[in-house]
Amino acid sequence: VKNGIDGPRASTETIAQLTVQALLRTVPPALPGIFFLSGETALDEDNEEVATINLNTMNKLYKDKMPWHLSFSYGKALQKTCIVTWLGKAENKEAAQKALKARSNANFDAVMGKYVPG
């Protein structure tokens, strides 16, 4: 549950609360996991970071209250920095791989509810 791109901004905690509340009301506990897409964000927001922070907040605040595993199925939010770093140039390959690994590690931490933004 997120605010619209042009609407007022909800706090990360509010997004986590309303998302988990909606899931608890509608998703059967027998489902083993829920995997989030990163979604669109306003132009002045970092899609990668916002998606990671939202996932982290849900897991940090509500992990013990949910019957499912919350994780990610991001494409854009994992690849954006990597692609922008690489730009198709061989000399950028190592830096791009490091960027992808860093974002993957950040999202692993978010699944554990232990991500530190930045």
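Numbers here are sequence positions counted from 1. All of these numbers come straight from a predicted model, not from anything done at the bench.
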Self-check item: Pairs meeting criterion side-chain hydrogen bond (donor to acceptor under 3.5 Å, both in side chains) with involvement of residues 107-118, two or more places apart
Solution: E49-Y115, T52-N107
Exercise. With sequence neighbours excluded, tell me which residues meet side-chain hydrogen bond (donor to acceptor under 3.5 Å, both in side chains) with T19.
Key: none
Quiz item: Does the side chain of M58 reach to within under 4.5 Å of the side chain of F36, using non-hydrogen atoms?
Solution: yes
Quiz item: Which residues pass the side-chain hydrogen bond (donor to acceptor under 3.5 Å, both in side chains) test with S71, sequence neighbours left out?
Solution: none
Self-check item: Which residues share a side chain to side chain contact (heavy atoms under 4.5 Å, CB included) with V27, sequence neighbours left out
Solution: L23, L31, I34, W68
Exercise. Not counting sequence neighbours, which residues clear side chain to side chain contact (heavy atoms under 4.5 Å, CB included) with Q79? List them please.
Key: I83
Self-check item: salt bridge (charged side-chain N to carboxylate O under 4.0 Å, His left out): pairs with one or both residues in residues 85-95, sequence neighbours excluded
Solution: E94-K98
Exercise. Please test V111 against L55 for side chain to side chain contact (heavy atoms under 4.5 Å, CB included), starting from the C-alpha separation and ending with a verdict.
Key: CA-CA 7 Å; V111 169; L55 178 62; 3.8 Å; yes
Self-check item: Verify same cluster id: M112, L61 (apolar side-chain graph, 4.5 Å)
Solution: yes
Self-check item: Which residues share a side chain to side chain contact (heavy atoms under 4.5 Å, CB included) with A10, sequence neighbours left out
Solution: N3, T14, I15
Practice problem: Please collect all side-chain hydrogen bond (donor to acceptor under 3.5 Å, both in side chains) contacts where either partner lies in residues 54-67, sequence neighbours excluded, each pair once. | Solution: none
Quiz item: Is it true that atom CZ of F108 has more than 12 heavy atoms of other residues, nucleotides or ligands lying nearer than 6.0 Å?
Solution: no
Quiz item: Going through the checks in order, is the side chain to side chain contact (heavy atoms under 4.5 Å, CB included) test met by T81 and R103?
Solution: CA-CA 8 Å; T81 297; R103 185 51 40 196; 5.9 Å; no
Practice problem: Compare every heavy atom of F35 with every heavy atom of F72, then report the nearest pair and how far apart it is. | Solution: O-CD2, 3.7 Å
Practice problem: For the residue pair L78 and E48, establish whether any side-chain heavy-atom pair is separated by less than 4.5 Å. | Solution: no
Quiz item: side-chain hydrogen bond (donor to acceptor under 3.5 Å, both in side chains) with T26: which residues, sequence neighbours excluded?
Solution: none
Quiz item: What pair of heavy atoms forms the shortest contact from L37 to S73, and how long is it?
Solution: CD2-O, 3.3 Å
